[in-house]
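Values in this document were obtained by computation on a predicted structure and should not be read as measured data. Computation of the quantities below employed the complete heavy-atom set of this structure, encompassing side-chain atoms and omitting hydrogens, waters and symmetry-equivalent molecules.
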Amino acid sequence: MSLLSTGGTNVVVPVLVRDLTPADLPTCTWSGSAAHLGQVAAELERAASGEVDYLAVCTAADLPVAIGGVDYQVASGAGTLWQFAVLPALQSCGLGTLLVRAAEDRIRSRGLLRAELGVEESNPRARALYERLGYVAYDRQPDAWDVQAPDGSIRRYETMCTLMRKNLA
């Protein structure tokens, strides 16, 4: 369940966390460009082999409104959260918290006791969420990835990330 609050009115909306599937990708255009969704599709292939989990928080209509992955190949003994996104109109409604907790449950189910992530230093809102959920900063490092501009061109995006972790024991 997720609680939405707008203008003094609270609405409880049922949601379900499940694995993201390739069939979901056309409904996830809010999460990034076509190039980004192509990368997510590649990660779903890795999910089929067990290297990652890719989760979706879905409405009763089975439409994803939050997505994110856990990569088990990045850090020994940990699951690394990445590519988390919430439909912009539904941010600050608890969906990100629900998704992080579901990801932590997946990590625990593999017998791992630590979750890690990198959050862009230009995204204090996300960092505040992770801190509220018990993540602690331990380092920082540059990161970069390709992004697609509206005209279809690809450019390299560079940023600095704060590395955070949480003990799941």
*For V147, what are the other residues in its hydrophobic cluster, where any two members join if their side-chain heavy atoms are less than 4.5 angstrom apart?*
W145, Y157
*Mind checking whether V15 and V17 sit in one hydrophobic cluster, side chains of I, L, V, M, F, W, Y counted as touching below 4.5 Å?*
yes
_Checking D24 against T27: is there a side-chain donor and acceptor pair closer than 3.5 Å?_
no
*Could you give me the CA-CA distance, side-chain angles and deciding distance for L81 and Y135, then say whether side-chain contact (heavy atoms from CB on, under 4.5 Å) is met?*
CA-CA 12 Å; L81 282 60; Y135 287 78; 3.8 Å; yes
*Go through D146 and R155 one step at a time and tell me if the salt bridge (Lys or Arg N to Asp or Glu O under 4.0 Å) criterion holds.*
CA-CA 6 Å; D146 291 336; R155 69 174 177 81; over 6 Å; no
*Atom pair CZ/CD of R114 and E116 - distance to nearest 0.5 Å*: 4.5 Å
*For residues 88-97, pull every pair meeting salt bridge (charged side-chain N to carboxylate O under 4.0 Å, His left out), keeping only residues two or more places apart or in separate chains.*
none
*Joint hydrophobic cluster, W82 plus I107, side-chain heavy atoms closer than 4.5 Å*: yes
_Residues forming a side-chain contact (heavy atoms from CB on, under 4.5 Å) with A89, sequence neighbours excluded_ = none
Per-pair distances, 0.1 Å, donor-acceptor, side chain in residues 158-169, under 3.5 Å, sequence neighbours excluded:
{"from": "T159", "atom 1": "OG1", "to": "E120", "atom 2": "OE1", "distance (Å)": "3.0"}
{"from": "T162", "atom 1": "OG1", "to": "E121", "atom 2": "OE2", "distance (Å)": "3.3"}
{"from": "T162", "atom 1": "OG1", "to": "R127", "atom 2": "NH1", "distance (Å)": "3.4"}
{"from": "K166", "atom 1": "NZ", "to": "E104", "atom 2": "OE1", "distance (Å)": "3.3"}
{"from": "K166", "atom 1": "NZ", "to": "E104", "atom 2": "OE2", "distance (Å)": "3.2"}
{"from": "K166", "atom 1": "NZ", "to": "L133", "atom 2": "O", "distance (Å)": "2.7"}
{"from": "N167", "atom 1": "OD1", "to": "A169", "atom 2": "N", "distance (Å)": "2.8"}

Show the atom names and distances, to 0.1 Å, of all donor-acceptor pairs under 3.5 Å that link a side chain in residues 51-69 to residues at least two apart or in another chain.
{"from": "E51", "atom 1": "OE1", "to": "R46", "atom 2": "NE", "distance (Å)": "2.8"}
{"from": "E51", "atom 1": "OE1", "to": "R46", "atom 2": "NH2", "distance (Å)": "3.3"}
{"from": "D53", "atom 1": "OD1", "to": "R106", "atom 2": "NH1", "distance (Å)": "3.3"}
{"from": "D53", "atom 1": "OD2", "to": "Y72", "atom 2": "OH", "distance (Å)": "2.6"}
{"from": "Y54", "atom 1": "OH", "to": "Q83", "atom 2": "OE1", "distance (Å)": "2.8"}
{"from": "T59", "atom 1": "OG1", "to": "A61", "atom 2": "N", "distance (Å)": "3.2"}
{"from": "T59", "atom 1": "OG1", "to": "L63", "atom 2": "N", "distance (Å)": "3.4"}
{"from": "D62", "atom 1": "OD1", "to": "R18", "atom 2": "NE", "distance (Å)": "2.9"}
{"from": "D62", "atom 1": "OD1", "to": "R18", "atom 2": "NH2", "distance (Å)": "3.3"}
{"from": "D62", "atom 1": "OD2", "to": "R18", "atom 2": "NH2", "distance (Å)": "3.4"}

*asked:* Measuring only between side-chain heavy atoms, which start at C-beta, is F84 closer than 4.5 Å to V119?
replied: no
*Knowing that exactly one of L98, L99, T97 qualifies, which makes a side chain to side chain contact (heavy atoms under 4.5 Å, CB included) with R101?*
T97
*Set of residues satisfying side-chain contact (heavy atoms from CB on, under 4.5 Å) with respect to L25, sequence neighbours excluded*: L20, L37, V40, A41, L44
*asked:* Testing the basics here: between A35 and I154, what is the closest heavy-atom pair and its distance to 0.1 Å?
replied: CB-CD1, 4.1 Å
_Please find the pair of heavy atoms, one from D151 and one from S153, that lie closest to each other, and give the distance._
OD1-OG, 2.6 Å
